[in-house]
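Below is one structure; the comments refer to it alone.
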Amino acid sequence: MVYFILKRMVQSVFVMLAVAFLAFSLFRFVGDPITQMTGVETSVADQERLREELGLNDPFVSQFMRFTGDMLKGDFGFSYRTRQPVADMIADRIPATLELGVVALIISLVVGVPAGVYTALKPRGVLTQTILMTTLVGVSIPTFVIGIMLIFIFGVQLGWLPTFGRGGTVQIGSWESSLFTIDGWRALLLPAITLGVYQLTLTMRLVRAEMMEVMRSDYIRFAMARGVPMGRLHYKHALANTMVPVITIIGLQFGGVIAFSIVTESVFQWPGMGLLFLESIRFVDIPVMGVYLVVIAFFFVLVNLVVDLLYVAIDPRLRISDVS
Amino acid sequence: MLTIKDLAVKFPSRFGDFTAIEDVDMEIKPGEIHGLVGESGAGKSTVGAAVIGLLQSPGYVAKGSLRLGETDLRTLTPEQAHKVRGDRISMIFQDPQTSLNPLMTIEDQLIETIQAHSDVTEAAARQRAVDLLEEIGIKDAATRIKAYPHQFSGGMRQRVVIALAISTDPELIIADEPTTALDVAVQSQVLSLIQRLAKERQISFMLITHDIGVIAQVADRVTVMRKGRVMETGDTAQVLGAPEHPYTQALMDAVPPLDRKLERFRVPEANDASSSLGELAENWLLEGQQQAPTGLSLRNLSVQFSGPRTSLFRKPAPYVALDDVTLDIKPGSIMGLVGESGSGKSTLAKAITGLVTPSSGTMMLGDTALPFGKSRSRLHPSRQLVQMVFQDPYSSLNSRHRIGDILAEPLWFYGFVKDADEREKLAASMLSLVGMQPDAITKYPHQFSGGQRQRIAVARALLARPRFLICDEPTSALDVSIQAEILNLLKDLQNKFGLTILFISHNLAVVRQMADDTAVLRNGKIEEVGETHSVYTAPQAAYTKSLLSLTPVMPTSWAVET
C-alpha cells in the first residue's frame, strides 16, 4: 500500500522532469530569447553582454539544472510581454480556470451518472432512446459551436445570462472567486455547461456501458436470486462496481478539462489560464507558455494520484491482501 | 413441491422464435436432490432460470405450468416474483469467484439478505449470519464475517454462497454447476454439505451439472435433458445404472470410468468416407517418423516466480511453482499428469515448451538438452518436435484466420512444404485424418463447435511433425460425448504415429483411460509416479489415495455389464 503510493510518486517525479525538459526546450529552440527581449536599437555588444549575464552561454545541462531549480523554488521568471513575474500571472488566473473546471465536472457528474444509470436499467425505454440520440448530437458538435449557440440563445435572444467575463467576484485571500455572488454564478453557468457537455456525454455513456456489463455479472444475478431489494441492488451493488473503472476515465478527463478549457475560455472571454495561454501564444511569450505547460502537467499528475488513491479506497481487493 | 409441467421457453429473435426448452416435466419433493444432467446447450440452466424467474432477456415462458407448493409461479407480478426469490427459491452459481460482490463484506451481504426477507434488527441478523457460517463449516465465523470475498479461498467462498442462499430458509435451491469450478477435495465437502442441508433442513435442490459422477454420488432422482427436451427421468440408480433411452445409454458409454481402462469409448464415428482422403497426410507424417520415438526426461527441475512484494527493502519471497521435479517419459508412451489447480501442471508444460524459465535442473528431449526459456533459439529443433494442444479451443485458434491458413502455417514456418497449393492439400488431408470434412479449410474457427475446434488444434499440432505432444487439459472444456471422441482420436493418432504424449488433466478418470504411466503432482512436487494401473489400483502416496477416494463415481453395483 505505502509501497504503491511511493512508487506512484517516484513515477510522477519523472513525468514532471520530462515536462520540465520540454518546457525548457521551448526557450532554447523557439527563437532566440535575446532578440525577443531587446529591440532593434540594442547593439550587438550589449546583446552579447546580456547573453553572458543571463547565463545563456552556459552548457545546456547546467542551464536545465538552473531552470528546474528555479521552478522548484517557485521562481518562474518574467513574462516578455507584461514584464510581470509569471508566477503572479498564473496565480491570478488559476482560480477562474479551476472554478470553471470543477463546476463543469460537477454538472457532468450530477447529470451524467444518473442518466447513465437510468439508460442502463431501462435500455429499451423511449426516454433512454431520446437521451442517447440527444447526447450523440451533443458529442458530435464542437465545443465552440455549443458555446456560441448557448450565447445566442440565452445571452442574445433571451437575455437571461451574461455572455462574457466572470461577473461579480469576491476576493478570499489571494483567491478571486465567483462562487459567492449570484452575478458570478450567472456568468459561470454558460461556460461551465459548454465545457461540461462533452464530459457529461462521455460519463453517461461510460456509466451506461459499465452498468449494463455489471448487471449481467454473476454477483448481481445472485443478489437478484436471493431477493435483495431492487433499489439496493441497483445503487449499492451495481453502481459501486460500475464506478471503479469509471473513476479513472473521469479523472483523466478532468485533467483534460483543465488543460483544454482554452476554447471555452476564449469563446466566453473567461479570464482563466487558457485565455492567458492564447494571449501568450500571440505574443510569443515563451516563459508563460513554458510555465503553463508545467502547471498543466502538474494537474494531470495530481489528478492521477488522487484517482489511484480513490481506487484503493473503493476496492477492498487493493486495500486488503488475500489471506486464503 | 416444485412441479413443472409441459414447460416451454422461447427466445424471440429476428429470425423467429428460438425454442430453448419444450415439453419439460419435472417434480421435486421436499428434501430431494434432483439432478439435471445434459450436455451444453441442453437447456438445463434455462429450466433453472425459468423456475426462479431470471431468464435472460428476451427469453420468456411460452407454455406450461410452474408451481411451487400452492403458488403458481407464472401468475406472479414482477414484484411478487422478486419477493419469492430468496424467500422461497434461491440459487447457487457455478463460479464462487464471481458470485459475490467484491466491494462488500460477507457480513453486509448476509445481513442485507436476511433483512430483506424478515423483519429483524441488524444485531439479530448478524447473529443469525454468524450461526449460519458456523453451521456451514467456517471456523471463527464471528471474525471471518468481517472479511471481503477475495479473502476467502474458492471452496470457502462457495460455502459463503451457500450460506447466503440458505440464509432466508428457502424451500428450493437451484444449484447451477455448484462444484464445477472446484477441486475434488473441496467438491466433495460442498457436495456433502448440500446432502446434509437437504436431509436436515428439508431443502429441495435442483442440481444442474454435466458431471455424471456428481449426480451419481448425491442425487436422489435424475432428469436427463438433450436439446431442450427431457430424455429420461427417474431414480438415479435406475437411470444411470440401467438407462432406457438410447441417448442416456450413449451418454453413459462416454463417461470415462475411474476403476478400469477402456480400450476405446463406444461412440458413433463417421470416419468411413474420409479415410482415403486422409492417406496423404498419414503418409506424410509417417515419412517424417523415420527416427525412433523420442522420450523426455526432467531432472531436478524447479521453477520459481517472484512473489508479491511485501516490503520496500526486502526482496520478495519467491513462489515455488515446481519443486525439484524428476520425471521420465518413455519414448512412444503417454504420461498422464494429474493434480489440483495450482499444483504446477501447466507450469511444467510451459517449462518444457520454453515459455517459462526454470531456476534449476535439466531437461532432455531424446539425447539433446533443452535450453531454458528465452535462451532457446527460435530455430531450435525442439520448437518443432514439441507441440501443444491447449485447453480452450475457443481462444487457441486465431479467429481472423481461415482454417486452411492456420493449418498451413506450421508447414510453411518449418519449411516442410514450399508450394502453397501442396500445403493446402496436405492441410485438407490432415483434417480428414482427424475426422473432419476437408472443405473446412475455407471456413473460420467460429463456424465450428468446441469439439471440432479441438480436432483442428490437434491437426495443427500434427502438421508440425511433432515427436512429443503436450495436451494440457485437452477435453476439460468439452462435453463428455465430445470428450470421448477426442480421446479416441488422440489414442488412434498416438498408436499410428508413435507419438510421445504428456497428457495433463485434473480429471483422474480421463487420465486413467489415456495414460501408460501417471504422475501425481501437488504443490509443485511429484507425490507419486508409476504405471497407471498400479497408481490407480494400489496408490502409494496418501495424497493419491485421497484424490481417488474423493473423485465422485458411479457405484459399481449400478453398472450393467455390457
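Letters A, B, ... mirror the listed sequences (proteins, then strands); counts begin at 1.
- Ranked by heavy-atom pairs under 4.5 Å with chain A, the first of B:Q94, B:Q109, B:E79, B:Q115 is B:Q109.
- The neighbour count for A:Y198 OH, taken as heavy atoms of other residues, nucleotides or ligands under 6.0 Å away, does not exceed 12.
- With a 4.5 angstrom heavy-atom cutoff, B:V84 does not touch chain A via any of its atoms.
- Interatomic distance, CG of B:D95 versus CZ of A:F222, reported as 12.5 Å (0.5 Å rounding).
- Once rounded to the nearest 0.5 Å, the distance linking CZ of B:F93 with CZ of A:R221 reads 4.5 Å.
- At a threshold of 4.5 Å between non-hydrogen side-chain atoms, the residues B:H82 and A:M230 count as touching.
- With no hydrogens or angles considered, no side-chain donor-acceptor pair links B:S99 and A:D218 at under 3.5 Å.
- Heavy-atom minimum distance, B:A116 versus A:G227: CB-O, 3.7 Å.
- Here the closest heavy-atom approach between residue B:S57 and residue A:R124 is recorded as OG-NH2, 4.4 Å.
- To the nearest 0.5 Å, atoms CZ (A:R232) and CE (B:M104) are separated by 5.0 Å.
- Surrounding OH of B:Y60 are more than 12 heavy atoms belonging to other residues, nucleotides or ligands, all under 6.0 Å away.
- Looking at A:I220, neither its backbone nor its side chain comes within 4.5 Å of chain B, counting heavy atoms on both sides.
- Of the listed residues (B:T168, B:L54, B:T98), the greatest number of heavy-atom pairs within a distance under 4.5 Å of chain A belongs to B:T98.
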side-chain contact (heavy atoms from CB on, under 4.5 Å) between B:Q151 and A:R317, worked out: CA-CA 8 Å; B:Q151 294 172 279; A:R317 282 166 294 186; over 6 Å; no
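- Interface remark: A:V244 contributes side-chain atoms only to the contact with chain B (heavy atom separation under 4.5 Å).
- Taking a 6.0 Å sphere around OH of B:Y394, one finds it holds more than 12 heavy atoms contributed by other residues, nucleotides or ligands.
- Only the backbone of B:I89 comes within contact range of chain A, with at least one heavy atom under 4.5 Å from a heavy atom of that chain.
- When all heavy atoms are compared, the tightest approach of B:N101 to A:Y219 is N-CB, 3.5 Å.
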Verdict with supporting geometry, A:R226 and B:M91, side-chain contact (heavy atoms from CB on, under 4.5 Å): CA-CA 7 Å; A:R226 53 182 207 267; B:M91 194 155 174; over 6 Å; no
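- Residue B:I52 touches chain A through its side chain alone, counting heavy-atom pairs closer than 4.5 Å.
- Note that CG of A:N241 is 4.0 Å distant from CG of B:L103, once rounded to the nearest 0.5 Å.
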